[in-house]
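Predicted, not measured: the structure shown is a model, and the values here were computed from it.
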Amino acid sequence: MWQMYAIICAVTMMECNVMYENPSRTFETKLECQQAAVIKEKSTRGMLTDEDGYLTVVHLEVGCERKESI
């Protein structure tokens, strides 16, 4: 199983947070997760972009990682 994450650095690259969806979604394949991550990154960039078109955070990364089964 795969899960999506986002790394957001608000002020500097030293002040980053790893975030997960809530409620979380899991994906059977990495490809399914990556496709959903592209959509999530576009919508997140839209929310974090100011009226002049500039991203209001220093760094935004959305990706996928393997989720261990419990």
Side-chain angles (χ1 to χ4, degrees):
M1 301 297 275
W2 294 84
Q3 67 182 355
M4 196 180 321
Y5 66 85
I7 299 173
I8 298 176
C9 306
V11 179
T12 69
M13 290 298 286
M14 300 294 287
E15 298 176 30
C16 299
N17 292 305
V18 178
M19 301 176 166
Y20 296 91
E21 288 186 304
N22 186 11
S24 65
R25 292 185 289 168
T26 56
F27 303 88
E28 291 292 325
T29 67
K30 186 175 182 179
L31 179 60
E32 290 174 354
C33 184
Q34 290 172 325
Q35 291 170 337
V38 169
I39 295 167
K40 178 65 78 173
E41 182 172 1
K42 286 179 183 177
S43 66
T44 303
R45 280 190 181 278
M47 290 186 294
L48 296 174
T49 300
D50 68 13
E51 61 276 353
D52 294 326
Y54 293 102
L55 192 61
T56 59
V57 295
V58 174
H59 177 78
L60 171 64
E61 175 184 336
V62 180
C64 297
E65 65 185 18
R66 188 172 290 282
K67 181 174 181 164
E68 299 299 322
S69 300
I70 297 176

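When atom types are taken as modelled, the side chain of Asp52 and the backbone of Tyr54 share no donor-acceptor pair closer than 3.5 angstrom. In terms of modelled atom types and a separation under 3.5 Å, the side chain of Glu15 and the main chain of Val11 share no donor-acceptor contact.
Taking CD of Gln34 as the start and CD1 of Ile39 as the end, the distance is 12.5 Å to the nearest 0.5 Å. The distance from the SG atom of Cys9 to the CG atom of Leu60 is 9.0 Å, given to the nearest 0.5 Å. How far CZ of Arg66 is from CD of Gln3: 11.5 Å, rounded to the nearest 0.5 Å. Atom CE of residue Met4 and atom CD of residue Gln35 lie 11.0 Å apart, to the nearest 0.5 angstrom. Annotation: the span from Lys67 atom NZ to Arg25 atom CZ amounts to 12.5 Å, rounded to 0.5 Å. Atoms OG and CG, from Ser24 and Asn22 in turn, are 7.5 Å apart once rounded to the nearest 0.5 Å.
Looking only at side-chain heavy atoms (C-beta outward), Thr44 and Met47 come within less than 4.5 Å of each other. Taking 4.5 Å as the limit, some side-chain heavy atom of Tyr20 sits within range of a side-chain heavy atom of Val18.
Of the candidates Lys40, Met19, Glu21, Glu65, Tyr5 forms a side-chain contact (heavy atoms from CB on, under 4.5 Å) with just one, namely Glu65.
A pairwise comparison of heavy atoms in Ile8 and Val57 identifies CG2-CG1, 3.8 Å as the closest pair. Considering all non-hydrogen atoms of both residues, Ile7 and Cys16 come closest at CG2-CB, 4.2 Å.
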